[in-house]
Number of protein chains: 4
Amino acid sequence: MGQKNNNKYRKIISAATRVFAKNGFYKAKVSEIAKEAGIADGTIYIYFKHKDDILIALFEEKMKEVLDNMKKQIRLESDPLKKIQRFALLHLKLIEDNKDMAEIIQIELRQSSKFMKNYHNEKFVQYLDLIGDIIQEGKEKGLIRSDIIPGIGKRAFFGALDEMSRFWVLSKRHKYDIETVAKHISNYFINGIKS
Amino acid sequence: MGQKNNNKYRKIISAATRVFAKNGFYKAKVSEIAKEAGIADGTIYIYFKHKDDILIALFEEKMKEVLDNMKKQIRLESDPLKKIQRFALLHLKLIEDNKDMAEIIQIELRQSSKFMKNYHNEKFVQYLDLIGDIIQEGKEKGLIRSDIIPGIGKRAFFGALDEMSRFWVLSKRHKYDIETVAKHISNYFINGIKS
Amino acid sequence: MGQKNNNKYRKIISAATRVFAKNGFYKAKVSEIAKEAGIADGTIYIYFKHKDDILIALFEEKMKEVLDNMKKQIRLESDPLKKIQRFALLHLKLIEDNKDMAEIIQIELRQSSKFMKNYHNEKFVQYLDLIGDIIQEGKEKGLIRSDIIPGIGKRAFFGALDEMSRFWVLSKRHKYDIETVAKHISNYFINGIKS
Amino acid sequence: MGQKNNNKYRKIISAATRVFAKNGFYKAKVSEIAKEAGIADGTIYIYFKHKDDILIALFEEKMKEVLDNMKKQIRLESDPLKKIQRFALLHLKLIEDNKDMAEIIQIELRQSSKFMKNYHNEKFVQYLDLIGDIIQEGKEKGLIRSDIIPGIGKRAFFGALDEMSRFWVLSKRHKYDIETVAKHISNYFINGIKS
DNA sequence: GATGAATGAGTATTCATTCAT
DNA sequence: CATGAATGAATACTCATTCAT
């Protein structure tokens with residue numbers, strides 16, 4: 001924890017975000033991260049035991065931030081359906097404002113066994129559960145049909161946003177603006193599940 | 001004679017599907033694919049110039065199959081909304097029946113720059129367009145709201161299915177059966193976009 | 001011997017001469033020689049047991065030709081000093097007319113242990129001895145100083161011609177014409193050793 | 001610190017000289033050079049980008065030494081004809097004292113396109129020019145015939161010495177001693193070109 | 001803590017050679 | 001004899017990780 005406040009630790013995470021985004025985790029060299037961070041190669045191993053750990057730490061850090069921010073924003077809304085709208089807009093804005101991070105999460109983290117399969121992605125589960133909880137709340141308030149299964153609904157909604165994000169990350173020019181996309185996707189979903 | 005060549009080409013693709021699925025593209029060794037295919041290491045290089053090309057060929061092959069099959073199935077249905085339901089069910093069934101392939105497409109192919117970014121994924125674009133075309137058809141028949149944008153809708157729907165597929169691929173036990181998931185997801189979407 | 005008259009054997013030697021000259025023995029691929037010869041890879045191994053053997057055979061063939069030719073030409077001259085002049089001119093002409101062969105002999109055959117060191121180059125020894133014999137004859141006829149050592153003289157003269165040949169092979173444009181070079185080099189030597 | 005680097009660089013050059021001389025460049029394994037140098041395989045790649053570069057560096061290093069030494073020695077003599085004698089003796093002595101290096105220069109460096117053809121051998125050109133300059137000087141002083149062409153003479157003389165060197169390198173026992181050979185070869189040449 | 005030179009395990013790819021047809 | 005698909009041994013080079021300073 002003392003480490004996490006450390007200047008060098010932050011520099012490595014920041015440099016790694018850029019380097020991983022550029023060519024992917026496997027093609028990224030530890031020495032390149034060190035160079036980008038303006039430190040020596042060996043210094044990285046004072047803060048991280050393995051190259052893998054940089055990616056995991058990076059993910060945890062970013063996801064914590066995203067999760068905390070999303071929770072805070074969602075709380076400002078009391079109507080579950082409004083919460084869904086806000087979630088969509090905020091999610092896409094986060095992607096837009098953090099292209100490098102988004103690319104890593106989108107592409108690298110889905111990757112090999114080392115991560116999605118063996119690494120239990122607690123923060124991602126919590127992120128999905130934010131949606132699940134909103135759906136549950138909507139059902140309890142009678143705003144969402146009682147036959148909607150939160151476990152399916154949360155993935156469907158997240159998946160829809162995520163696929164748009166992938167498109168975002170991989171395209172240079174955007175055909176649709178964020179607000180439009182957020183509105184459309186949340187409307188499909190809300191209309192699809194509301195009572 | 002062509003048979004024999006074809007035979008080995010197929011064996012390599014088949015072996016690679018299993019090997020890539022197990023530990024991912026980067027951790028897969030060419031020698032392991034050869035062993036799995038029951039041929040010599042060097043033989044692989046008669047059919048493929050680089051390790052990369054095996055993954056790309058594999059993807060093209062499988063996607064062609066999936067695309068052809070999906071097109072045929074969709075044509076059997078005349079109602080665009082029914083087409084959406086059928087798409088969902090068939091997509092999830094394909095995933096279920098081709099776990100290894102699904103895992104590769106889900107995880108490996110989204111990966112590094114070499115693929116999603118630089119490799120222009122024509123077949124995937126066509127697959128998405130199948131959905132786009134159905135939406136367009138539905139709009140023209142007055143079954144789908146005129147303000148629905150196919151370019152957003154197709155991604156939202158595919159993303160929803162895809163996120164469920166990911167969950168499927170990464171889980172050992174399935175909480176929900178395919179028919180249920182397909183029904184729910186297509187219902188959200190249909191209710192969300194119908195007139 | 002029946003083999004040596006064989007059409008395919010000749011084709012291989014001829015193709016190998018071109019292929020070895022282009023990029024050197026080590027970089028030359030057996031399959032490239034086969035392609036150049038218009039035959040299958042495997043056919044080469046009907047005529048030669050190893051890639052090495054092609055180079056050795058090629059050398060033996062060419063050297064026999066060169067040696068026979070040189071012997072015949074030398075015999076036409078009775079004056080040992082004239083023989084030296086003729087040797088120089090003929091040697092350089094051979095190089096000029098057989099660039100590919102010259103390059104191989106110059107460069108490849110001097111090469112690694114496999115050849116100059118382990119392979120006892122009988123034909124080359126005989127070629128050098130042609131010069132040695134001329135010197136000996138000249139000494140006996142009192143035309144060449146009695147203190148000249150043929151074993152040194154033959155190498156000095158051959159080396160002088162050979163270095164010019166190397167220059168020839170490696171240059172694209174020739175500063176001096178063959179007759180001039182042959183005349184100069186034989187004059188240095190003749191003046192240097194004559195009584 | 002620079003010392004240490006320098007130290008390993010030297011060790012590699014030295015080890016490579018021995019290893020290349022033994023079996024030739026193409027048969028030499030990088031790992032063998034590393035073992036001979038008492039370092040790890042990877043360390044070689046800190047100092048040299050490619051295996052080729054070791055041979056080139058080795059050559060440049062040795063040639064610089066030889067060239068500097070030869071220049072110094074030649075300057076001690078004022079008579080151009082004496083300079084030629086000294087050149088011959090010194091050249092052969094260098095070969096005798098640096099068998100491994102001589103073998104590499106003699107055999108490996110003449111080799112494939114990578115070297116003699118594509119690699120412009122500046123130091124070798126300068127070495128030859130030392131002889132050319134002596135001839136020019138001799139002509140100006142009226143000691144050497146005015147019709148002698150330095151561009152031909154320098155190659156003839158170098159070639160004569162070089163061919164003796166090759167004989168030297170490839171033989172185990174020497175029939176003639178250095179002084180005799182040097183004296184003979186320089187005498188042929190001097191008598192051959194003097195006024 | 002910080003450094004960066006050194007390590008050496010790991011692997012894609014090549015290509016001479018074989019042999020079933 | 002001829003073929004050319006198949007073989008698999010061989011090796012240059014990379015790069016995550018270590019550790020003496």
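For the numbers below, each heavy atom of this structure counts, side chains included, while hydrogens, waters and symmetry mates do not. Chain A is the first sequence line, chain B the second, and so forth, proteins listed ahead of strands; every chain is numbered from 1.
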Nearest heavy atoms of [X] and [Y], plus distance in Å:
X	Y	result
D:Tyr26	D:Lys51	O-NZ, 3.6 Å
C:Tyr127	C:Met63	CB-CE, 3.9 Å
C:Val19	C:Ala28	CG1-CB, 3.7 Å
B:Ala16	B:Ile104	O-CD1, 4.3 Å

Discussion item. OP1 or OP2 of F:dC1 versus the side-chain N and O atoms of C:Lys8: is any pair under 4.0 Å?
Written reply: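 Result: no.
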
Item to complete: Please check the phosphate of E:dA5 (OP1 and OP2 only) for any side-chain N or O of D:Tyr47 closer than 4.0 Å.
Response: no

In terms of side-chain geometry, is the basic nitrogen of [X] or [Y] positioned less than 4.0 Å from the acidic oxygen of its partner?
X	Y	answer
C:Lys64	C:Glu122	no
C:Glu32	C:Lys22	yes
D:Lys123	D:Glu65	no

Item to complete: Give the B/S/- string for nucleotides 12-18 of chain E, one per nucleotide from 5' to 3', where a protein heavy atom under 4.0 Å of the base yields B, of only the sugar-phosphate yields S, and otherwise -.
Response: SBBSSBB

What's the [atom1]-[atom2] distance between [X] and [N], to the nearest Å?
X	N	atom1	atom2	value
D:Ile12	E:dA5	CD1	P	13 Å
A:Lys35	E:dT3	NZ	P	16 Å
C:Ile39	F:dA5	CD1	P	15 Å
A:Lys11	E:dA2	NZ	C1'	12 Å
B:Asn7	F:dA6	CG	C1'	13 Å

Practice prompt. Dot-bracket notation for DNA chain E is requested: 5' to 3', Watson-Crick or G-U wobble pairs only, both distances under 3.5 Å, with ( ), [ ], | and . as defined.
Written response: .||||||||||||||||||||

Worksheet item: Just checking B:Ile44: base, sugar-phosphate only, or nothing, at a heavy-atom cut-off of under 4.0 Å?
Response: nothing

Item to complete: Determine the interplanar angle of the A:Phe48 and A:Tyr9 rings, folded into 0 to 90°, and report it as parallel if under 30°, tilted if 30 to 60°, perpendicular if over 60°.
Response: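 Because their plane-to-plane angle is under 30°, the rings of A:Phe48 and A:Tyr9 count as parallel.
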
Discussion item. Strictly by salt bridge (Lys or Arg N to Asp or Glu O under 4.0 Å), give each pair with a member in residues 34-43 of chain D just once, sequence neighbours left out.
Written reply: D:Arg18-D:Glu36

Worksheet item: Taking for each residue the nucleotide of DNA chain F bearing the nearest heavy atom, is the 5' side occupied by C:Gly38 or by B:Ala40?
Response: C:Gly38

